[in-house]
Structures are given as structure tokens and as C-alpha cells.
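Okay, so here's the structure we're looking at.
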Amino acid sequence: MRKNCFVHSMQSYNMTVMTEVQTEIVEGCRVPVLLKNGDGWHFAEILGKKEVNGKHMFYIHYEDFNKRLDEWVPEERMDMNKLEPPRKDQKTPKKEAASKLGSGPGSRPSSPEREIVIVNGNSSTNKKAPIVNRKRPRPEEDILLDEAVPPEKKPRQTGSMVAHNDDIVTRMKNVELIELGQNRIKPWYFSPYPQELTSASIVYICEYCLKYVKSKKCLERHLSKCLLKHPPGNEIYRKGHISFFEIDGRKNKAYAQNLCLLAKLFLDHKTLYYDTDPFLFYCMCEIDIKGYHIVGYFSKEKESSEDYNVACILSLPPYQRKGYGKLLIEFSYELSKCEGKTGSPEKPLSDLGLLSYRSYWSQTILEILIGLKPTEGNETPIITINEISELTSIKKEDVISTLQHLNLINYYKGQYIVTLAKEHMDTHNKALQKRKIRIDSKCLHWQPKDWSKRGKW
Ligand code: ACO
Ligand code: ZN
């Protein structure tokens, strides 16, 4: 008989003997779970349990699915007869197979539509001096929040984010729903909001200053006093109904910390730091008569020794898949162009981050290749990887990986040849037509600062 919900009896059948074994339902057990839409069973790992009105609920992670699909499920949706004890061996994440430059077939494709020679070497136009970045010293108080769990009573402070290791607390979503302006949004992941808030069914967030409160009443009280109608900091871009604000993590600490807390609800592979000082935050807003409504943002180190031009990037879920992610990415490269530098997003990228960057890089590089004219005395246009990188501010490694991903690069008679078939151009043109909003560099009013010359950020 079952003594408590974490101990369950299971029928185990053998060809010859039938025995009843006791399997403890503990963290790490595997069990098939009926998917939400009733669309079949999928193996999941049990991460937690709770009792709601006398009913056992289990927090589960579907194997090979993204963590944002993790959820609480009742026992009825679990096939306990197939419950498996925790595995002893830990699964390692599958690494993307890396192909080598030029490792593709050496044969020349027949009747290509367009050929471009990629010269592997330094471009003569590479005149921009690299900006040397000082490595950021890690302040003493830069403690990972993971280490700070269990939480204190006071709201935990947040800042920038770094990759983290899962622990049992941060693996489970802790906020059920947030209300932000006109939108109610279901969080995807854990974020270290104060515990007294996470017990509320909805966390209410002021869409202008991002302050969080536990009830509608508190929010209304706050809104009657809140003076902001847009993010703090400077508006550095405006075109049509789209606007960007630059926020200094040192000057606007409270806002920066609230933004990181909010972002963490949708960013899995990052953990929060206390210190926002070394970061700038670029908030994208949609403007209407009521004010500036935050759509997404990216953060950026004031100085990056690894040439990162984005630390974290987010489109809020109600605004996703409308092209805003790519607009944020385009903006980040526009800033890099002003700095005369190439840049790359901080690793690791999330699944959606990789999709969005791949799509942006592909379109940007194809745009350049398709627009190339043959130089004098050559039938085929010639461009170097460095030149593509300089024109776009996309880091060289990302240019190469994109060309490989698109399977465009071939090795022929000692040279790398990019062959663009008509279908590449058609697909590219269709993709460009879908990209309705673009960044207009004329509308950017921004001067890069040399942070290394400033004593303190
Ligand atoms: N499924 C399949 N494809 C998707 C999805 C999805 N759920 N979401 C975006 N894409 C694809 C789009 O199809 C599009 O490609 P296409 O134009 O070639 O079709 C591309 O990704 C970009 O789409 P956008 O609409 O421009 O981007 P979106 O506004 O959805 O924002 C972002 C993308 C920022 C990654 C968003 O999904 C997000 O905020 N996710 C949660 C946070 C996150 O993962 N951030 C990136 C972390 S990495 C880092 O911070 C450096
Ligand atoms: Zn406010």
C-alpha cells in the first residue's frame, strides 16, 4: 500500500515471473506523462511534488523538450505503471556537430547562378584599430544568486546574468503569472522574485519602472505615484512607433535590477548577478498615446574582453515572432558599427536565441553577397571573410559558421567558392519581404563611450 505520495507501488512484468516492486517516487524518477493537448505520452523526469487540496501534483521536465514546457501535472496524467527509478548515469547535452571550413564536397556544382570567391586572409580595408577591452574584475559582492538560495526576506537584488548550473530550487518555475501593462504573461522559468510575491497567483509589474507588487490594488496605488511613462535613461533611437532607450546599470540600478528579474522569467541558461554597474541596457518600446510600452531589450557589457556586443536579449512573449527579436539584434550590430568593432552574442545561446541569430546572420550576409558586383578583370565577385565581417560588424567566426550552416561554401582549386543558386536568392528575397520593420541608422543618435578611459563605470 502507498504510505505517502512519494512512494508508489508498481507492477513489473517479466516473461516468466510477475512481481510487485516498490519504487519510490523521488526526484529524478522517469515516467511517461500524457501531453497537455492529449497528444500522446512523453517520458519526463520528476523534479518536485506538492499537495493541492489533497491532490498530488508533480513538477516534471519532458525529456529532450525545452524547460519552458516544464509543468505541474496531476497523478492522473502520469503512467505510474511505467515509473522508472532515477538513472545513475547523467545525460550529457548533445553538442552541435561542428563541420570544418571547406570540408564539403570538392566538386564544383553544375551551372550555379552566382559565384563569389572568398579569399581567406586579411582584407586590405581592415584599417580600424581594435579596441582593447579591460577584463572586468569580478567584485566581491558579485555573488551568484544560486549560491544565495534559500532566499532572504528582503527582495533579492539582481543584475547581469551569467550561465549557471541548475539546482533543484531554480529548476522549478516559481511565478505563475505576471501582469505587465495590458498583458498577462505566463513565465517560462524561475526568477528570484521575493518569496512573499511568488505565493501570489499574479505578480503585478509597473510597465514603466518595472517595480513589482503583489496585488492589483498595490499596483494602482503605485501607478498613481509613478512618474515614469517610459524607461529611464536616454532615448537614442526613434522611428515611427519604435523607440530605444539606453539605460546605465550604474545610474539606474533599481530599473536595471527589475529588468533582469523580469527577463530571468524567460531566460533559462542565465543566472543573476547582483551587480548591474558594468552593463548598459537597451530597451525597445512601442509608443502610443498612453506611453512607451516595453517590447524587449538587450544588455551589453560596457567593456567586453571577448567582443560580446550582447549579454542577454529578450522579446517579451506577447511580442515574439513578429520580427522584434531580429530588430533588437540589428540594433545591437548598428551600435557595433558605430563603435567600429565586430561583435557576437554572449554564449551560450538559448535555442530561440540561436534560431534568431542564425536567421539574422544569414539574411545579412546573403544581402551583401547578392549585392556584390564583379571587380575589374574578374568574372566573379571577390570578397574576404574579413570584409563581410567589417561591413556587417558580425564577428568572423559567426560569418564562417553561417556560410557553413547555409551550406554555401565549397572548396575548388585551392579557393573557397560561395555558390548562390537561384533558390537561395528567392528564399532570401521572400525572407526580406517579411522583414517589415528595419533599423534606420539615420534615426540613431548615439556616440560610443570609451569606458576604459573612465575611472569607474
Ligand atoms: N519557433 C521557431 N522559430 C522561432 C521561434 C519559435 N518559437 N521564435 C523565433 N523563431 C525564429 C523566427 O521564425 C525568426 O526566423 P525567420 O524570420 O527566419 O522565420 C527568428 O527566430 C527571429 O524571430 P523574431 O520574431 O525576429 O524574434 P522574436 O521576437 O521571437 O525574439 C528571441 C527572439 C529574442 C530569442 C525570443 O524568442 C526570446 O526572447 N526568447 C526568450 C529569451 C531568449 O532565449 N533569448 C536569447 C538568449 S541568448 C542571449 O541572451 C545572448
Ligand atoms: Zn512605476
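None of the values given here were measured: they were computed from a predicted structure. In listed order, ligands and their atoms are each counted from 1.
Donor-acceptor pairing under 3.5 Å is recorded for the side chains of Y189 and N66. Counted by atom type alone, D288 and H241 present zero donor-acceptor pairs between their side chains at under 3.5 Å. For the residue pair H293/E207, the side-chain donor-acceptor check at 3.5 Å is satisfied. If you check the side chains of K326 and S359, you find a donor sitting under 3.5 Å from an acceptor. With 3.5 Å as the limit, one finds a donor-acceptor pair spanning the side chains of E246 and Y282. Inspection of the D450 and S452 side chains reveals an N or O donor paired with an N or O acceptor under 3.5 Å.
Shortest contact from atom 33 (C) of ligand 1 to any protein heavy atom: S356 OG, 3.2 Å. When only non-hydrogen protein atoms are considered, atom 15 (O) of ligand 1 lies nearest to S359 OG, 3.5 Å. At the shortest separation from atom 40 (N) of ligand 1 among protein heavy atoms lies Q320 NE2, 3.8 Å. Looking only at protein heavy atoms, the nearest one to atom 34 (C) of ligand 1 is S315 N, 3.6 Å. From the protein, the heavy atom lying nearest to atom 25 (O) of ligand 1 is G323 N, 2.8 Å.
Note that K50 lies in the cation-pi zone of W72, set by a 6.0 Å cut-off to the ring centre and a 45° limit from the axis.
Less than 4.0 angstrom separates some heavy atom of S350 from each of these atoms of ligand 1: 43 (C), 44 (O), 45 (N), 46 (C), 47 (C), 48 (S). Contact atoms of ligand 1 toward E346: 51 (C) (distance under 4.0 Å to a heavy atom of the residue). Contact atoms of ligand 1 toward F266: 41 (C), 42 (C) (distance under 4.0 Å to a heavy atom of the residue). Residue G325 has at least one heavy-atom neighbour below 4.0 Å for each of these atoms of ligand 1: 24 (P), 26 (O), 27 (O), 28 (P), 29 (O), 31 (O). Close approach to G353 involves these atoms of ligand 1, each under 4.0 Å from a residue heavy atom: 35 (C), 46 (C). Residue C312 has at least one heavy-atom neighbour below 4.0 Å for each of these atoms of ligand 1: 50 (O). Interface atoms of ligand 1 facing L349, defined by a heavy-atom separation under 4.0 Å, are 48 (S), 51 (C). Those atoms of ligand 1 that come under 4.0 Å of a heavy atom in A311, given as number and element, are 49 (C), 50 (O), 51 (C).
Using modelled atom types, no side-chain atom of K395 and backbone atom of D398 make a donor-acceptor pair closer than 3.5 Å. Not a single donor-acceptor pair under 3.5 Å links the side chain of S299 to the backbone N or O of L280.
Residue contacts with ligand 1, taken as heavy atom pairs separated by less than 4.0 Å, do not involve A431 at all. Residue-level proximity to ligand 1 for K434 is carried by the side chain, the only part with a heavy atom below 4.0 angstrom. At a heavy-atom cutoff of 4.0 Å, ligand 1 is contacted by both the backbone and the side chain of K326. Neither the backbone nor the side chain of Y360 has a heavy atom within less than 4.0 Å of ligand 1. Contacts with ligand 1 closer than 4.0 Å are made by heavy atoms of both the backbone and the side chain of I313.
Not one N or O of Y357 is nearer than 3.5 Å to an N or O of ligand 1, by distance alone.
Seen from the Zn ion (ligand 2), atom NE2 on H222 and atom SG on C226 lie at an angle near 110° (rounded to 10 degrees). Rounded to 10°, the angle that SG of C209 and SG of C206 form at the Zn ion (ligand 2) is 110°.
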(message) Show, in sequence, the C-alpha distance, side-chain angles and deciding distance for C285 and V295, and conclude whether the side chain to side chain contact (heavy atoms under 4.5 Å, CB included) test is met.
(response) CA-CA 5 Å; C285 298; V295 165; 5.7 Å; no
(message) Run K49 and E27 through salt bridge (Lys or Arg N to Asp or Glu O under 4.0 Å) and show every step you take.
(response) CA-CA 9 Å; K49 57 139 193 173; E27 179 208 325; over 6 Å; no
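For atom 7 (N) of ligand 1, the nearest non-hydrogen atom from the set L352, T427, D268 belongs to L352. The heavy atom nearest to atom 10 (N) of ligand 1, considering only R435, Q363, M284, R321, is found in R321.
Applying side-chain hydrogen bond (donor to acceptor under 3.5 Å, both in side chains) to Q363 and the options R358, E330, R435, H428 leaves one that passes, R435.
Between S362 and ligand 1 there is no heavy-atom distance shorter than 4.0 Å.
Residues E63 and F43 meet the side-chain proximity criterion, which asks for heavy atoms closer than 4.5 Å.
R438 CZ to L432 CG: the interatomic distance, rounded to the nearest 0.5 Å, is 6.0 Å.
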